[in-house]
Amino acid sequence: MSDGTAVAGPDGALRCPWALSTPDYVTYHDEEWGRPVHGDDALFERLSLEAFQSGLSWITILRRREGFRAAFAGFEIAKVATFTDADKERLLADAGIIRNRAKIEATMANARALAEWTPGDLDDLIWSHAPDPAARPAPKTLADVPAVTPESTALSKALKKRGLRFVGPTTAYALMQACGLVDDHLQACVARSAP
């Protein structure tokens, strides 16, 4: 049982303890989580997947990510914005994704809202909420990693003000972690110093 500090993985390298429960997590942790993500469509995908994750474990979403990408036209905002009620019914019947009506409707509504934004606005808005890395000490244990921050609360409010749904402060912080706005790899974690 971990005390929340970095744990040695199969290769002997220290990692955040959550990353070692499955090989899928090790790959995601080492290669994606906490790395900067830019581009409206890429951020729309991450925002949508974080919303679908609400109330579920991330591994549930991670293992269905390709299904989500196929179902939601690669998360291209312009394409998802044209989805109809027939698409919604198709999604509700798609076993390759999480078939939650409210989350599906929110993803479609968010795409319609984002399609009205100027290209680059989503990227700019999200990244404008990145805190100063120098003001954030590296977490030593999982207990040092927050679930919500003032920045994620502000980001949530800004997204909601612009018409987006399923973007509460906790979801916003998970997005910030996943997309590299913050580096919550533990101090001793091998991925903290990765390029």
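None of the values given here were measured: they were computed from a predicted structure. Just so you know, residue 1 is the first one in the sequence shown, and it goes up from there.
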- Task: Could you give me the CA-CA distance, side-chain angles and deciding distance for Thr84 and Asp87, then say whether side chain to side chain donor-acceptor pair (under 3.5 Å) is met?
- Result: CA-CA 5 Å; Thr84 63; Asp87 289 299; 3.2 Å; yes
- Stepwise side chain to side chain contact (heavy atoms under 4.5 Å, CB included) check, Thr170 with Val148: CA-CA 5 Å; Thr170 303; Val148 175; 3.3 Å; yes
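- Counting heavy atoms from C-beta outward, Arg15 and Asp30 have side chains that approach closer than 4.5 Å.
- At least one side-chain heavy atom of Met108 sits less than 4.5 Å from a side-chain heavy atom of Leu91.
- A cation-pi contact, defined as under 6.0 Å to the ring centre and within 45° of the axis, links Arg90 to Phe83.
- Between Pro10 and Leu20 the shortest heavy-atom distance is CD-CD2, 4.2 Å.
- With sequence neighbours left out, the salt bridge (Lys or Arg N to Asp or Glu O under 4.0 Å) criterion links Arg99 to no other residue.
- Follow the hydrophobic side-chain contacts under 4.5 Å out from Phe68 and you reach Tyr28 in the same cluster.
- Between atom CH2 of residue Trp117 and atom CG of residue Asp124 there is a gap of 10.0 Å, rounded to the nearest 0.5 Å.
- When all heavy atoms are compared, the tightest approach of Asp94 to Ala71 is OD2-CB, 3.4 Å.
- Contact of the Gln177 side chain with the Val145 side chain is registered, since non-hydrogen atoms from C-beta on lie closer than 4.5 Å.
- Atom-to-atom distance recorded for Lys103:NZ and Thr107:OG1 is 9.5 Å, nearest 0.5 angstrom.
- Between Phe72 and Ser48, every side-chain heavy-atom pair lies at or beyond the 4.5 Å cut-off.
- Put simply, Ile61 and Trp18 are part of the same group of oily side chains (I, L, V, M, F, W, Y) that touch within less than 4.5 Å, one to the next.
- Side-chain contact check for Cys16 versus Asp184: every heavy-atom pair is 4.5 Å or farther apart.
- Contact annotation: the side chain of Leu175 never approaches that of Leu181 to less than 4.5 Å [non-hydrogen atoms, C-beta and beyond].
- Across all non-hydrogen atoms, the minimal contact from His129 to Glu151 is O-CB, 3.4 Å.
- A donor-acceptor contact shorter than 3.5 Å is absent between the side chain of Thr141 and the backbone of Thr5.
- Taking 4.0 Å as the cut-off between side-chain N and carboxylate O, Asp183 and Arg136 do not count as a salt-bridged pair.
- Leu142 is not connected to Leu14 by any chain of hydrophobic side-chain contacts under 4.5 Å among Ile, Leu, Val, Met, Phe, Trp and Tyr, and they are in different clusters.
- Between Cys179 and Arg46 the shortest heavy-atom distance is SG-CG, 3.5 Å.
- Between the Trp58 side chain and the Glu50 main chain, no donor and acceptor come within less than 3.5 Å of each other.
- Taking all atoms of both residues into account, the shortest heavy-atom contact from Phe44 to Leu114 is CD1-CD1, 3.6 Å.
- Here CZ of Arg192 is found 7.5 Å from CD of Gln187. Values are rounded to the nearest 0.5 Å.
- The CG atom of Leu43 lies 4.5 Å from the CD1 atom of Ile126; values are rounded to the nearest 0.5 Å.
- Between Glu32 and Arg35 there is no salt bridge, since none of the side-chain N atoms of the basic residue sits less than 4.0 Å from a carboxylate O of the acidic one.
- Taking each heavy atom of Pro146 and Thr149 in turn, the nearest pair found is CG-CG2, 3.6 Å.
- Among pairs with a residue in residues 153-186, those fulfilling ring-ring contact (aromatic ring centres under 6.0 Å, His included) read His29-His185, Trp33-His185, at least two apart in sequence or across chains.
- The salt bridge (charged side-chain N to carboxylate O under 4.0 Å, His left out) test with Asp24 is passed by exactly one of Arg64, Arg65, Arg63: Arg63.
- Side-chain contact between Thr22 and Leu62: absent, with no pair of heavy atoms (C-beta onward) separated by less than 4.5 Å.
- Asp123 contributes no side-chain N or O that, together with a main-chain N or O of Asp40, makes up a donor-acceptor pair within less than 3.5 Å.
- With Ser128 contributing its side chain and Leu125 its backbone, the two residues share a donor-acceptor pair below 3.5 Å.
- The closest side-chain heavy-atom distance from Val167 to Leu155 is not below 4.5 Å.
- Here NZ of Lys140 is found 11.5 Å from CG of Leu186. Values are rounded to the nearest 0.5 Å.
- Rounding to the nearest 0.5 angstrom, the gap separating the CD1 atom in Ile77 from the CD atom in Glu45 is 11.0 Å.
- Within a 6.0 Å sphere centred on NZ of Lys157, other residues, nucleotides and ligands contribute 12 heavy atoms or fewer.
- Under the 3.5 Å distance criterion, the side-chain polar atoms of Ser156 are left unmatched by any main-chain donor or acceptor of Ser152.
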